[in-house]
Amino acid sequence: MTQPKNTRIARFPHLRQDFAASLVVFLVALPLCVGVAVASGVPAELGLVTGIVGGIVTGLLRGSSLQVSGPAAGLTVLVFEAVREFGLPALGVIVLATGALQITMGALKLGRYFRAISVSVVEGMLAGIGLVLIAGQLYSVVGTKAPDSGPEKIAGLPGALVDAFGSTGASASLALGAGTVAVLVLWKRLPAMVRTVPGPLAAVGLATLAAVLLDLPVATVEVHGLLGSIQPPPLSAFGELASVGLLGTIVAFTLIASAESLFSAAAVDRLHDGPRTEYDKELIAQGAGNALCGLLGALPMTAVIVRSAANVQAGARTKASRVLHGVWLLLFAALLPEALAYIPIPALAGILVHAGAKLVPLRAIASLWREHRGEALILVVTAVSIVAVSMFEGVLIGLALAVVKTAWEASHLRLEVVDKGAGPIQAYLSGNATFLKLPKILDSLEALPQDRPVELNLSGLHHLDHACRTALETWAQQHSAAGTEPVRVTEPVRATAV
């Protein structure tokens with residue numbers, strides 16, 4: 001009679017650990033799903049829909065077994081801009097197309113190549129998102145509307161904060177938002193028993209309790225109902241795919257969501273000893289989730305490092321924990337949607353201000369500046385470009401700068417001339433000889449005395465491109481034609497020529 005029980009244990013040996021971890025992840029994810037949706041300018045329930053799909057659908061698929069997917073703060077700015085420019089119905093088209101592109105890239109086994117993206121560009125992208133997110137959400141903290149552009153948001157902040165002290169409602173809103181951030185910052189210093197409750201849930205819970213008990217005049221979440229919020233994109237919205245702006249937004253969504261998910265997977269792999277991430281399959285899983293979110297008119301998803309780390313730290317052993325967390329989100333959205341109406345907007349804004357601050361890697365910038373100033377410059381320029389221009393252009397500027405830096409470093413070349421006064425002049429080239437360094441090489445070689453024999457030693461070159469080889473051969477012929485001995489050339493040992 002004990003066989004059925006033993007069979008269940010054999011099939012789900014870690015069910016107890018996964019069940020406990022799923023509850024922790026659910027409590028972490030709930031306020032973040034709602035907060036990201038509100039900050040993105042869409043109904044709060046759509047954040048829960050994305051969390052449900054990320055848990056149940058993406059969670060069941062192969063890829064990374066322990067990382068958790070859902071709406072991410074890193075896409076908030078991009079979603080808000082997309083909704084403002086193209087409208088909410090077009091968001092479903094954008095997310096659906098993003099999912100289709102991710103599935104295609106995964107099927108073509110392109111997932112691994114996302115690891116080749118410069119880390120500085122990715123960190124700069126997240127830092128730029130964090131700065132725009134902080135600037136925008138601080139307006140929600142004081143209960144006022146944020147300007148549209150990043151520079152206007154930052155420039156208008158001092159005035160908005162000063163004005164808040166002259167209004168009772170704005171002061172109450174500011175107090176709740178600041179209190180939420182304070183709880184999040186101090187929560188990790190409290191006793192371990194208290195910290196069994198996730199910080200975001202505690203911060204929102206305390207803010208909600210204060211708003212209700214003190215009857216504070218602050219804005220709260222608008223409730224539309226789960227089914228009422230799900231609006232599949234109409235066929236007319238697919239006509240927007242002819243717009244260059246919409247196509248650019250889709251590319252931005254795809255690159256950013258994919259890079260963030262796969263970088264998160266690499267980080268999560270370092271947190272546990274279980275199976276490693278299969279990057280192409282993880283990209284397909286993310287694409288399937290985004291495709292379904294698009295069909296439901298919900299927010300895009302990525303793997304989220306905060307939820308994933310909480311999942312691992314809570315003792316999760318298999319994908320069951322993330323699937324169960326999606327089930328708990330579904331039950332909450334179906335049975336308790338009215339509870340959302342009590343959550344103060346400033347509290348959710350405070351959570352996102354805190355999340356945005358964690359996206360700005362101040363310590364990493366300081367460390368990079370000491371050791372790799374070029375990488376630090378790429379990070380800062382990418383972040384500033386996102387704030388000053390837009391997400392898509394900022395990322396392109398960062399990628400272009402990374403390519404230029406790589407090309408510059410790949411062209412390091414040293415020319416050493418040894419002239420002993422008698423005999424041939426010896427010229428040693430070492431490093432990487434590319435067309436970028438041709439002017440410098442030729443200027444130095446052409447300055448050598450025409451009446452002296454020259455020995456050109458290329459054995460120190462790691463790379464010699466076709467343009468440089470042709471130019472050096474031409475120079476050698478011209479120098480030899482002056483009536484001196486022919487230039488003696490020592491070929492590179494292992495240099496590649498293209």
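Along the sequence shown, residues are numbered consecutively beginning with 1.
A pairwise comparison of heavy atoms in L329 and C33 identifies CD1-SG, 4.4 Å as the closest pair. Nearest heavy-atom pair across P200 and I351 is O-CD1, 3.8 Å.
Residues meeting the side chain to side chain contact (heavy atoms under 4.5 Å, CB included) test with A383, sequence neighbours left out: A127. When the side chain to side chain contact (heavy atoms under 4.5 Å, CB included) test is applied to I154, the partners found at least two apart in sequence or on another chain are A135, V387. Residues passing the salt bridge (Lys or Arg N to Asp or Glu O under 4.0 Å) test with E152: none are found, sequence neighbours excluded. By the side chain to side chain contact (heavy atoms under 4.5 Å, CB included) test, L359 is found to be paired with L126, I129, residues two or more places apart in sequence or in another chain being considered. When the side chain to side chain contact (heavy atoms under 4.5 Å, CB included) test is applied to A402, the partners found at least two apart in sequence or on another chain are S118, V121, I378. Taking R195 as the reference, nothing meets the salt bridge (Lys or Arg N to Asp or Glu O under 4.0 Å) condition, with sequence neighbours excluded. Contacts of D280 classified as salt bridge (Lys or Arg N to Asp or Glu O under 4.0 Å), with partners at least two apart in sequence or in another chain: R112.
Of the possible donor and acceptor atoms, one in the side chain of D18 sits under 3.5 Å from a partner among the backbone N and O of T318. At distances below 3.5 Å, at least one donor-acceptor pair connects side-chain atoms of Q67 with backbone N or O atoms of A265. With T470 contributing its side chain and H466 its backbone, the two residues share a donor-acceptor pair below 3.5 Å. Here the side chain of S243 pairs a donor or acceptor atom with the backbone of G245 at under 3.5 angstrom. With N311 contributing its side chain and V25 its backbone, the two residues share no donor-acceptor pair below 3.5 Å. Not a single donor-acceptor pair under 3.5 Å links the side chain of Y139 to the backbone N or O of A160. Proximity of a side-chain donor or acceptor of S22 to a complementary backbone N or O of R322 within less than 3.5 Å is not detected.
Residue pairs meeting the side-chain hydrogen bond (donor to acceptor under 3.5 Å, both in side chains) criterion with at least one member in residues 101-110, sequence neighbours excluded: Q102-S258, Q102-N290. Applying the side-chain hydrogen bond (donor to acceptor under 3.5 Å, both in side chains) test to pairs two or more places apart or on separate chains, those with a residue in residues 72-94 are E81-R84. Within the structure, salt bridge (Lys or Arg N to Asp or Glu O under 4.0 Å) pairs that include any residue of residues 294-320 do not occur (at least two apart or interchain). Within the structure, salt bridge (Lys or Arg N to Asp or Glu O under 4.0 Å) pairs that include any residue of residues 241-260 do not occur (at least two apart or interchain).
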Q) Given the rule in the side-chain contact (heavy atoms from CB on, under 4.5 Å) test, do V93 and L241 qualify, once you have shown the distances and angles that lead to the verdict? A) CA-CA 8 Å; V93 177; L241 288 172; 3.7 Å; yes
(Q) Between V141 and V181, is the side-chain contact (heavy atoms from CB on, under 4.5 Å) condition met? List the steps. (A) CA-CA 10 Å; V141 166; V181 175; over 6 Å; no
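Counting only N and O atoms by type, the side chains of S261 and E282 include no donor and acceptor under 3.5 Å apart. E473 and Q477 share no donor-acceptor pair across their side chains, judged by distance under 3.5 Å alone.
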For residues 48-65, which side-chain donor-acceptor pairs fall under 3.5 Å, sequence neighbours excluded?
unit_1 : atom_1 : unit_2 : atom_2 : d
T50    : OG1    : L46    : O      : 3.2
T50    : OG1    : L299   : N      : 3.1
T50    : OG1    : L299   : O      : 2.8
T58    : OG1    : A285   : O      : 3.4
R62    : NH2    : E278   : OE2    : 3.3
S64    : OG     : T277   : OG1    : 3.3

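Atom CG of L464 sits about 4.5 Å away from atom CZ of R469, to the nearest 0.5 Å.
Annotation: side chain of L379 is in contact with side chain of P361 (closest heavy-atom distance under 4.5 Å).
At most 12 non-hydrogen atoms from other residues, nucleotides or ligands lie less than 6.0 angstrom from CZ of R488.
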